[in-house]
Asker: 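Pasting a structure below so you can have a look.
So that the names make sense, note that chain A is the first sequence line, chain B the second, and so on, each numbered from 1.
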Protein chains: 2
Amino acid sequence: MARKHITPGKIRLAEVAKLAGVSPITASRFFRNPDALSAGKRARVESAAKELGYVPNLAARALASQRTEVVGVLIPSLTNNVFADVLRGIYDALDGSRYSIQLANTRYSILQEERLLRLFLAQKPAGLIITGINQTADSRRIMETVDCPIVQIMEVGPSPIDMMIGFSHFDAAKAAIAHLLAQGNRRIGFLGARMDPRVQRRLDGYRAAMTEAALFDPQLIVTTAIPTSVTLGGTLFADLLAKTPDIDAVFCVNDDLALGALFECKRRHMAVPEQMAIVGFNDLEFMASSEPTLSSVRTNRYEMGRNAAMMVIATLEGRRPAEPIVDLGFSVMERQSSARRS
Amino acid sequence: MARKHITPGKIRLAEVAKLAGVSPITASRFFRNPDALSAGKRARVESAAKELGYVPNLAARALASQRTEVVGVLIPSLTNNVFADVLRGIYDALDGSRYSIQLANTRYSILQEERLLRLFLAQKPAGLIITGINQTADSRRIMETVDCPIVQIMEVGPSPIDMMIGFSHFDAAKAAIAHLLAQGNRRIGFLGARMDPRVQRRLDGYRAAMTEAALFDPQLIVTTAIPTSVTLGGTLFADLLAKTPDIDAVFCVNDDLALGALFECKRRHMAVPEQMAIVGFNDLEFMASSEPTLSSVRTNRYEMGRNAAMMVIATLEGRRPAEPIVDLGFSVMERQSSARRS
DNA sequence: CAATCGCTTGGTAGCGCTGTCAATATCGGT
DNA sequence: ACCGATATTGACAGCGCTACCAAGCGATTG
């Protein structure tokens with residue numbers, strides 16, 4: 001005999017089947033496809049499982065069936081509030097379903113992402129949710145050959161690997177600048193941190209809007225690769241002011257930077273929006289309750305996560321969404337910080 | 001024959017073993033305990049695995065070995081920045097190790113927690129990290145009988161289930177109040193939201209400090225079960241002012257509330273700290289760069305997560321920490337918002 | 001009334017890996 | 001040169017579940 005202790009009290013599917021008076025395979029079917037059983041057996045298996053407190057062994061199930069019920073989620077940051085909202089949506093959508101979540105943090109590195117991707121796929125996940133549309137060529141090839149639903153989130157673009165949900169960061173930034181221009185601002189600065197691909201596209205949107213208005217000036221742009229923070233917002237804003245003291249507005253690629261810029265304005269006794277208009281990005285909760293309230297570009301992060309997870313589930317259940325690309329849009333929340341100066 | 005397609009190209013341990021000219025079990029040992037192999041075989045297996053691009057089947061491994069290399073993490077919220085930092089610490093500590101993380105969100109419900117706990121334990125995790133010291137009696141019993149390292153995080157208290165890392169929320173709140181008293185404040189309000197067990201203990205600390213100073217007045221306390229937010233901070237602060245207009249300071253159970261209170265002060269043209277001192281809790285990044293800078297109680301969240309994960313790993317590797325309870329302490333960050341009025 | 005059909009159910013044989021234990025190789029000490 | 005001890009290695013069986021196929025069965029049909 002190979003195994004020493006056979007743990008006599010352990011409840012396996014066989015025990016449930018015996019108590020219910022059916023074969024193990026019938027009991028197995030009860031858990032995966034109860035409709036295939038007759039009502040009588042179904043009830044018998046159900047009560048037997050409950051009585052014995054049966055808990056299926058997921059490893060055995062995965063081994064025998066060659067698949068798991070894990071949805072892998074690859075996001076670049078755990079700290080960023082933006083992803084917290086997305087994650088909440090994903091968890092909410094998958095909560096109560098048969099699927100569980102395996103989360104991995106790519107730290108904004110597509111090489112790290114590729115490594116984690118390989119790790120995930122070794123586990124034969126039921127589905128995959130991955131951030132953005134910029135993956136390594138190898139990552140893309142791997143994902144294209146894998147047979148599970150994959151949803152790219154956070155932005156939309158051409159040629160999805162499988163499915164895609166997000167919005168256009170380019171258009172969103174452009175709309176924010178259009179709003180600032182409409183309010184009469186001319187020298188509009190740009191504050192960017194971490195400069196990941198999506199932030200880069202916001203910069204592109206800014207550049208396009210400014211160029212169209214014949215107001216583009218590279219001196220107006222301050223960016224850094226440093227991760228974002230409120231403190232950094234203040235620092236970058238100070239840098240911008242040092243370079244171009246004549247700016248009348250600033251567009252920040254996220255709300256943390258915007259809040260930092262606001263505080264820096266206060267420290268300098270610079271009135272917002274009278275002397276300096278500010279617009280952020282993401283519309284985190286605090287933007288609506290600061291003093292003055294801060295304008296921002298609202299993005300539907302929770303819905304993005306929720307829908308991405310629902311798209312995965314739907315595909316797994318054979319109800320694949322008709323449209324593989326979902327654009328959730330955005331809206332420019334116009335608040336006090338960018339109100340037209342009276 | 002039971003299986004139809006035997007997927008001829010698939011790389012199993014047997015293929016690696018054959019190429020390396022060893023038995024499968026020897027190849028298996030290479031992955032779990034390479035030191036047990038002779039140098040020659042080790043090299044042969046290693047190169048064979050690399051050549052074939054072997055990826056171990058985790059399900060088979062888990063089934064055969066009756067355990068996994070997954071560390072379960074139970075936290076009450078994904079949105080709360082506090083847990084983002086803890087999680088970052090956990091991921092950092094486990095990154096590069098053989099262990100992976102399974103994350104679950106209890107939504108501040110100990111019943112939900114118990115349900116998720118059962119789900120986790122069915123997967124025979126290598127270890128468990130769970131938030132707080134208030135679990136259901138059933139949860140506790142289950143965990144006490146389970147044979148894997150368990151670390152309770154976020155606070156310390158008597159009788160850990162296994163190990164524990166955190167700090168005393170009671171003492172931390174008491175220290176914050178002591179600071180406010182030392183700055184000459186007398187009517188110190190209390191703002192609390194979500195009132196989970198740890199927040200409750202902060203309230204206890206507040207009450208103790210105020211009672212010792214013979215300044216306790218229940219009218220000074222405003223709490224709600226609503227989840228916290230900056231906006232809520234403003235609202236609660238307004239409620240508090242309506243009840244007790246004579247307060248000279250306010251202690252907020254977290255930094256979001258403190259920021260909301262600060263903005264509300266600004267809206268009311270109430271000078272901080274001259275007319276109103278403010279102290280928050282957690283010392284999130286923005287507290288140091290607001291205008292005025294906000295005092296807070298710094299807690300070592302990243303280290304908490306990191307150390308918790310390291311305690312799990314150490315235990316799994318037979319290097320169990322000598323001291324099962326680790327108190328990471330806290331420090332009161334005294335900033336402009338609570339500076340003594342001149 | 002036999003042939004056919006669809007629905008349920010069960011038997012068999014692994015999924016890929018590792019625990020146990022036995023067998024063999026190696027080694028130092030006397 | 002012999003002995004026991006230690007380091008390596010391999011054989012075997014089975015972890016708990018499910019894929020596949022086939023069989024049973026009552027109902028339907030020409």
Asker: Whole Å only: how far is the CG atom of B:Leu63 from the C1' atom of D:dT18?
Answerer: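 Distance, rounded to whole Å: 12 Å.
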Asker: Please work out if B:Arg42 contacts a base, only the sugar-phosphate, or nothing of the nucleic acid, heavy-atom cut-off 4.0 Å.
Answerer: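 Nothing: the residue B:Arg42, judged by heavy atoms under 4.0 Å, touches no strand.
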Asker: With respect to the side chain of A:Thr26, which nucleotide from C:dG10, D:dC15, D:dT18 is positioned closest?
Answerer: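 Between C:dG10, D:dC15, D:dT18, the one nearest the side chain of A:Thr26 would be C:dG10.
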Asker: Which part of the nucleic acid, if any, lies within reach of A:Ala36 when heavy atoms closer than 4.0 Å are counted: base, sugar-phosphate only, or nothing?
Answerer: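 Here A:Ala36 touches the backbone only, sparing every base.
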Asker: Might you work through the side chain to side chain donor-acceptor pair (under 3.5 Å) test for A:Arg32 and A:Ser28, ending with a clear yes or no?
Answerer: CA-CA 7 Å; A:Arg32 290 171 301 122; A:Ser28 164; 3.0 Å; yes
Asker: Just the rounded figure in Å: distance from P of D:dT18 to CZ of A:Arg12.
Answerer: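 About 13 Å, once rounded to whole Å.
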Asker: When we call it a touch if two heavy atoms are under 4.0 Å apart, what does B:Tyr54 touch: a base, just sugar-phosphate, or nothing?
Answerer: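 Sugar-phosphate, no base atom in range.
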Asker: For A:Ser65 and D:dC17, is the shortest distance between a side-chain N/O and OP1 or OP2 below 4.0 Å?
Answerer: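 Answer no for this pair, as no side-chain N or O of A:Ser65 is under 4.0 Å from OP1 or OP2.
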Asker: How many Å lie between CG on A:Asn33 and C1' on C:dC7, as a whole number?
Answerer: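 Distance, rounded to whole Å: 12 Å.
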Asker: A:Leu37 side chain: which of C:dG10, C:dT9, D:dA19 is closest?
Answerer: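 Of the candidates, C:dT9 comes closest.
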Asker: Using a strict cut-off of less than 4.0 Å between a Lys/Arg side-chain nitrogen and an Asp/Glu carboxylate oxygen, indicate whether A:Arg107 and B:Asp92 qualify as a salt bridge.
Answerer: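 Counted as a salt bridge, because a side-chain N and a carboxylate O are separated by less than 4.0 Å.
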Asker: Between D:dC15, C:dC15, D:dG10, which nucleotide gets closest to the side-chain atoms of B:Ser23?
Answerer: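 For B:Ser23, the side-chain atoms sit closest to D:dG10.
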Asker: Per the atom types in the model, does the base of C:dG19 pair as donor or acceptor with the side chain of B:Arg32 at under 3.5 Å?
Answerer: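 Answer no: no donor N or O sits under 3.5 Å from an acceptor.
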Asker: Salt-bridged, A:Glu114 to A:Arg118, with N to O below 4.0 Å?
Answerer: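 Here A:Glu114 pairs with A:Arg118 in a salt bridge, since their nearest N and O are under 4.0 Å apart.
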Asker: Across the strands shown, which category fits B:Phe31 at heavy-atom distances under 4.0 angstrom: base, sugar-phosphate, nothing?
Answerer: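 Nothing: the residue B:Phe31, judged by heavy atoms under 4.0 Å, touches no strand.
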Asker: Quickly work out the A:Arg44 CZ to C:dG10 P distance and round it to whole Å.
Answerer: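 Going from CZ in A:Arg44 over to P in C:dG10 covers 9 Å.
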Asker: Give a yes or no on whether a salt bridge exists between B:Glu15 and B:Lys18, defined as a side-chain N under 4.0 angstrom from a carboxylate O.
Answerer: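 Judged by the 4.0 Å cut-off on N to carboxylate O distance, B:Glu15 and B:Lys18 do not form a salt bridge.
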Asker: What is the distance from NZ of A:Lys124 to P of D:dA19, rounded to the nearest Å?
Answerer: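 Spelled out: NZ on A:Lys124 to P on D:dA19 is 14 Å.
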Asker: Does A:Gln66 put a side-chain nitrogen or oxygen below 4.0 Å from OP1 or OP2 of C:dG16?
Answerer: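 Result: yes.
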Asker: For A:Ser38 and C:dT8, is the shortest distance between a side-chain N/O and OP1 or OP2 below 4.0 Å?
Answerer: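 No, outside the criterion.
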Asker: Could you check how far CZ of A:Phe30 sits from C1' of C:dG10, rounded to whole Å?
Answerer: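 Checked: the CZ to C1' distance equals 18 Å.
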Asker: When you match B:Lys41 and B:Ala60 each to their closest nucleotide on DNA chain D, which lands nearer the 5' end?
Answerer: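 The residue whose closest nucleotide sits nearer the 5' end is B:Lys41.
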Asker: B:Glu15 CD to C:dC17 P: how many Å, rounded?
Answerer: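 Taking CD of B:Glu15 and P of C:dC17, I get 9 Å after rounding.
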Asker: B:Arg67 has a side chain; which of C:dG16, C:dG19, C:dG14 sits nearest to it?
Answerer: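 Nearest to the side chain of B:Arg67 among the choices is C:dG19.
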Asker: Check whether the side chain of A:Arg29 and the base of C:dG10 form a donor-acceptor pair under 3.5 Å.
Answerer: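 Such a pair exists between side chain and base.
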Asker: From C-beta outward on B:Ala64, which listed nucleotide comes closest to its side chain: D:dC15, D:dC17, C:dC15?
Answerer: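 That would be D:dC15.
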Asker: What is the distance, rounded to the nearest whole Å, between atom CG of A:Asn57 and atom C1' of D:dG14?
Answerer: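 Taking atom C1' of D:dG14 as the reference, CG of A:Asn57 is at 13 Å.
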Asker: Do the ring planes of B:Tyr54 and B:Phe31 sit parallel (below 30°), tilted (30 to 60°) or perpendicular (above 60°)?
Answerer: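 Rings of B:Tyr54 and B:Phe31: tilted, as their planes differ by 30° to 60°.
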Asker: Closest to the B:Ile25 side chain: D:dG16, D:dT8, C:dT18?
Answerer: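 From the listed options, C:dT18 comes nearest.
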Asker: Between A:Glu144 and A:Arg140, is there a salt bridge with N-O shorter than 4.0 Å?
Answerer: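 A salt bridge links A:Arg140 with A:Glu144.
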